[in-house]
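Here's the structure, in structure tokens; my notes come after.
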There are 2 protein chains.
Amino acid sequence: MLQIERRQMIIQYLEEHSSATVEELSTKLKVTPMTIRRDFQYLEDNNIATRTFGGAVLNSKLITEIPYENKSLINIDKKKRIAEQAASLVQNGQIVILDAGTTNMEIAKFLTKKQNLIVVTTDLKIAIYLSSSTDFEILCTGGSVQNTTSSFLGSHAVEFLKNINADISFIGSSSVDVEHGITTPSPSKADIKKQMIKCSNKRILVADSSKFQKIGFIKVCNLNEFHKIITDDDLDKNTIKEIRNNNIKLILV
Amino acid sequence: MLQIERRQMIIQYLEEHSSATVEELSTKLKVTPMTIRRDFQYLEDNNIATRTFGGAVLNSKLITEIPYENKSLINIDKKKRIAEQAASLVQNGQIVILDAGTTNMEIAKFLTKKQNLIVVTTDLKIAIYLSSSTDFEILCTGGSVQNTTSSFLGSHAVEFLKNINADISFIGSSSVDVEHGITTPSPSKADIKKQMIKCSNKRILVADSSKFQKIGFIKVCNLNEFHKIITDDDLDKNTIKEIRNNNIKLILV
DNA sequence: TCATAAATGTTCGATTATGTTCAATTATGT
DNA sequence: ACATAATTGAACATAATCGAACATTTATGA
């Protein structure tokens, strides 16, 4: 196994288990503990994980900001199913707001089958993808580019969105909780999402089940702000019940 | 087997297996490991794969999904030489404006060696590239995305640029003429370039020799607006003489 | 606080991968 | 056809990775 692959597997393992010991990884990956320690050191130097005596945890336990490349492969099947369901809510000719993130990228792929859409997004990769594979009008907010996710942040992006009136918006979130609503790791991300919600007629939350029961730093809004929540059927039964008790339309795919 | 075929097979192999060792490819393709290493180097230089000790992995799936324009391969060597010269004019810590286009993308690649730059661009691919490979502050104008070039156009982009004061700007052009100056096929592109020129202290025209003696639809400005013109040494001798007669600094690479 | 077991870091060496250089061969251009 | 350039392979020097042994540090409970 190549070094880079081993390190990717460690990241993936940390994603799934949120922490790992040197011992278990050295057994699993069939290398000496010393090698795992050096890998942990590398991950720490690159701000991916934080070492601790005996093991390591991913940076920020609740909400991880993994670079796009690694992130995009996690739960990709679930994301595709969610995306297909989400895209089916869009009518030809509508104005659609797409939040940044991999789930919304998957939605974008399904939207290529529609006609005459106007798509507004803060995600540069979504903008490039749609502009090269459709003849939709693509609007991008502009502003400062966040380097981990290649999306726009900042007051400029918020101002841009204030001039938009959209038919439907798809909002992603890394942390969803029945009680605390949706939350983000940074105020600027929250500002963007808030404005997206404000300027669209219909609001859909798209998040795979792994994002639930997590709480981030800054609150965006409560779950009842959304007309629909689309997630996958691995969602915890209690959470399903709680959401439906609150009279929120929940779609499981 | 041709070199290009071999490299395509390597890419295909990487797409199927997501990683490959030097060893296995050299056996499979019946060339020495040295050749595979050189191929890997080429793939890395072109942002297709990432080398690691013993092998290589493919870069983010998404990037390769973006259609690779033929345009970017035309005169690529000349563009690289022009870009290297252009990048050498940038000091650490400066505010740099990069116009859209493949020559400016090459400049962006050389700029990764600098420190603490603030880069303003209308080109989404440049923005993604720089944001993922540097820790510069990247500002993007936003607005409507032109689908052929994945760059921003429109009044919104011009307004954004009005708030910028840059140290240096690199302007590309598909048509340069001593008498008519630089011209573009559309008014909106011309507006962007005009504003870029207006809000930067030092203005550099970058265009390979094939762009000269051509006249487009809408005039942007005269050649004497630029502090320097960087092009390649295939430029027609008469044109060289004419430009220098007009007292414009011309750099041939 | 101190003892102790466990984890960690350091150093070294073996192994393996890499880059450099040069020569031979094959394309390419004039 | 000839000169020139590009590609590839071969040989060697260099560099990187990983594991092992041992000294050091840390966590924790008595």
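Throughout, protein chains are lettered first and strands after them, A, B, ... in sequence-line order, and every chain is numbered starting at 1. Only heavy atoms go into these numbers, but all of them, side chains included; no hydrogens, no water, no symmetry mates.
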**Electrostatic pair E84(B)-R81(B), nearest N-O below 4.0 angstrom** = no
**Where at least one partner belongs to residues 241-253 of chain B, residue pairs that pass salt bridge (Lys or Arg N to Asp or Glu O under 4.0 Å), sequence neighbours excluded** = none
**Complete:** Bounded by its outermost nucleotides with an atom under 4.0 Å from a heavy atom of chain B, the footprint on DNA chain C reads dA17(C) to dT21(C)
**Asked** Are side-chain N/O atoms of S175(B) and T183(B) paired as donor and acceptor at under 3.5 Å?
**Response** yes
**Message:** Five pairs per end, C1' atoms only: what is the angle between the end axes of the helix from dT1(C)-dA30(D) to dT30(C)-dA1(D), to 10 degrees?
**Reply:** 50°
Contacts under 3.5 angstrom, residues 48-55 of chain B side chains, donor-acceptor by atom type, not counting sequence neighbours:
{"unit_1": "T50(B)", "atom_1": "OG1", "unit_2": "N59(B)", "atom_2": "OD1", "d": "2.5"}
{"unit_1": "R51(B)", "atom_1": "NH1", "unit_2": "Q41(B)", "atom_2": "OE1", "d": "2.6"}

**Asked** Would you call D177(B)-K214(B) a salt bridge at under 4.0 Å N-O?
**Response** no
**Prompt:** Restricting to pairs with a member in residues 20-34 of chain A, which pass side-chain hydrogen bond (donor to acceptor under 3.5 Å, both in side chains), not counting sequence neighbours?
**Reply:** Y13(A)-E24(A), T21(A)-E24(A), T32(A)-T35(A)
**Interatomic distance, R37(B) CZ vs dC12(D) P [rounded to whole Å]** = 16 Å
**Request:** Summarise how protein sits on nucleotides 15-30 of chain D as a single string, 5' to 3': B when a protein heavy atom is under 4.0 Å from the base, S for sugar-phosphate-only contact, - for no contact.
**Result:** -SSBBS-----SS---
**Request:** Answer yes when K202(B) and D167(B) have at least one side-chain N-carboxylate O distance shorter than 4.0 Å, and no when they do not.
**Result:** no
**Asked** Which part of the nucleic acid does S26(B) contact within heavy-atom distance under 4.0 Å: base, sugar-phosphate only, or nothing?
**Response** nothing
